Amino acid sequence: MKHFMIRAAACALSLSASAAILHAESGDALAEAEALLVGLAEAGGTPFSPDTATAYTEAQNVFIPSAIAVDFTYRAASATMPLFVGAGPNGEEVHYIITEASDHAVAETLGVIYAPKMRHLDGHPGAQAVTIEDGVMQFRGNVDFSPEWIAVPGDPVAFPPAEIQAGAVADMEWSSMVYLPSGVVLNAQMVQNASGGHDRLVDIDLDARTATMSLLDGFQGGEQYYYHFVTDASEEIAAVLEQGVWAPRLALIDTFGQSDPSQASALLGFSPVLNGPTELGEEQGFIVSLENGGIDPINVFPIDPDNANASLNNNYSPLWDAHVSQWTEAAIEAGEVRQITSFEELGQLTEAGLIESAFVSPEGEGNPYVFGLRPTRIIINCPVIAQPMAEAIEFAQMSE
């Protein structure tokens, strides 16, 4: 796909002028967004602009306008994003991407996804306060990317695993939910620093300021190819299974089981499956992922993000509240185990007594949004990048 490039110096001058106008007309939030774009341009990158952004087809159905390129190859999908320059807690250079914003105008300016539920994290202890100086975001926390990712299947059953170790661990100051002085919350994931790079970082170009991240698959609305990043998770087991950063500070966002837009929660319920079918080509769940070197568990999600209909998109969040489900013994004995392809189907199976809360779920009240399944009290940060139609998928490089 064609990536339109502009000269950084000219862009910086233009953006500086527009930043002043936006600050006067729209307040600090848009001025902050423009400052980040100026910083990206001055570092040699290409700031998002609707006029020069990559044009995706309806069949490709890409949700995040600033995505420079998307490879839709099944089992090898990836997305290339603008790579921003940040400063770590000691002033060291770090590199990060932005995928969502809690404010619609800021999301449009940055070319990211509008995630209104994230607004509940302004000043929240589970988020990270940041500032912007000369277009560079100043972080309080940091991530250690040096550990080796380890996931040893259990025996005789793969889950729970016999041994795990997250491939990246954040300190207690780090959260990918960052709130700016204006109060706008961004999903800003560090992908590289002096300790190494994110486990899902496929390629990085520090000159062109781009980062290519691998995508995972899922189901939503009866359709597969719900392509998403996994950036980080609140617990180590989830970070290992999804190959993201273990970010313990996210666990402070403890409004679990509150998925209705009327509730003051930044979380949105979804349902990973523990013990789905294991035959490759029809697989789903943590067990098959552990048995096959960490392939996609192909989780089940409720909704798409929708920037075009901001007034209707009042419940999307990249912070997925995991309600892990499992097939019941009755379902297994009856040969009912299969891929679950939609939230509606999940509800029908739960009502029929074929799906229940997984044994890893703590006792407590079920979530009506997820058909009474209990929250596992684990958060997985999964920005949704695209949900392409079948004709946009390439299978030539399929590994399985």
Side-chain angles (χ1 to χ4, degrees), residues 26-30 32-33 48 50 61-67 98-124 126-127 175-180 182-189 218-223 226-229 231 234 250 253-271 299-323 342-344 346-347 365-373 375 379-387:
S26 304
D28 292 340
L30 285 173
E32 289 166 340
F48 170 75
N61 195 27
V62 174
F63 302 125
I64 183 163
S66 60
I98 302 174
T99 52
E100 279 95 359
S102 64
D103 178 86
H104 188 253
V106 169
E108 285 193 320
T109 300
L110 293 174
V112 298
I113 298 169
Y114 173 47
K117 289 169 73 73
M118 286 176 16
R119 71 185 184 279
H120 297 299
L121 298 178
D122 176 23
H124 193 284
S175 173
S176 50
M177 295 291 112
V178 304
Y179 57 94
L180 302 171
S182 67
V184 168
V185 181
L186 302 179
N187 191 1
Q189 181 59 61
F219 275 108
Q220 187 275 328
E223 302 291 338
Y226 192 75
Y227 283 158
H228 56 283
F229 293 139
T231 56
S234 62
L250 288 178
I253 308 170
D254 60 358
T255 50
F256 300 102
Q258 301 178 34
S259 302
D260 189 272
S262 65
Q263 297 172 305
S265 173
L267 309 182
L268 180 57
F270 83 127
S271 185
N299 299 324
V300 184
F301 296 83
I303 60 173
D304 283 337
D306 190 351
N307 280 15
N309 297 291
S311 62
L312 302 177
N313 183 30
N314 64 347
N315 207 30
Y316 170 77
S317 173
L319 292 179
W320 298 97
D321 183 0
H323 293 63
S342 70
F343 240 49
E344 293 72 19
L346 176 70
E365 187 176 349
N367 184 353
Y369 186 84
V370 197
F371 316 108
L373 295 176
I379 301 166
I380 306 175
N381 188 354
C382 300
V384 184
I385 305 304
Q387 190 176 19

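Keep in mind that what you see is a predicted model, and the values were worked out from it rather than measured.
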* Asked: Mind checking whether S102 and D122 have side chains closer than 4.5 Å, heavy atoms only?
  -> no
Item to complete: Would you please test S271 and L373 for side chain to side chain contact (heavy atoms under 4.5 Å, CB included) and show each step?
Response: CA-CA 9 Å; S271 185; L373 295 176; 4.0 Å; yes
Would you check if Q263 and T255 make a side-chain contact, meaning some heavy-atom pair closer than 4.5 Å?
no
request  = Could you verify whether a donor N or O on one side chain and an acceptor N or O on the other, from S259 and N367, lie under 3.5 Å apart?
outcome  = yes
One should read off an interatomic distance between H323 NE2 and N299 CG, to the nearest 0.5 angstrom, of 13.5 Å
Check: Between Q220 and P302, is there a donor-acceptor pair closer than 3.5 Å when you use the side chain of the first and the backbone of the second?
Finding: yes
Rounded to the nearest 0.5 angstrom, the CG-CD1 distance for N61 and I385 is 12.0 Å
With sequence neighbours left out, the residues meeting side chain to side chain contact (heavy atoms under 4.5 Å, CB included) with A101 are V106, A107, V112, L186
Measure the shortest side-chain to side-chain distance between Y226 and V384 over non-hydrogen atoms and say whether it is less than 4.5 angstrom.
yes
Any side-chain heavy-atom pair of H228 and P318 under 4.5 Å:
no
Notebook entry, point to check: So, S317 side chain and L268 main chain: donor-acceptor pair closer than 3.5 Å or not?
Noted result: no
Residues at least two apart in sequence or cross-chain that pass ring-ring contact (aromatic ring centres under 6.0 Å, His included) with Y316, listed by chain then number, are none
Taking every heavy atom of S175 against every heavy atom of G126, the minimum-distance pair comes out as OG-O, 2.8 Å
One should read off an interatomic distance between Q387 CD and D304 CG, to the nearest 0.5 angstrom, of 4.5 Å
- Distance-only, no hydrogens or angles: does the T231 side chain make a donor-acceptor pair with backbone N or O of N381 under 3.5 Å? yes
With a 4.5 Å limit on heavy-atom distance, are the side chains of N315 and K117 in contact? yes
Taken to the nearest 0.5 Å, the spacing of N314 CG from Y114 OH works out to 8.0 Å
So CZ of F343 and CZ of F301: to nearest 0.5 Å the spacing works out to 9.5 Å
Would you check if V370 and L346 make a side-chain contact, meaning some heavy-atom pair closer than 4.5 Å?
yes
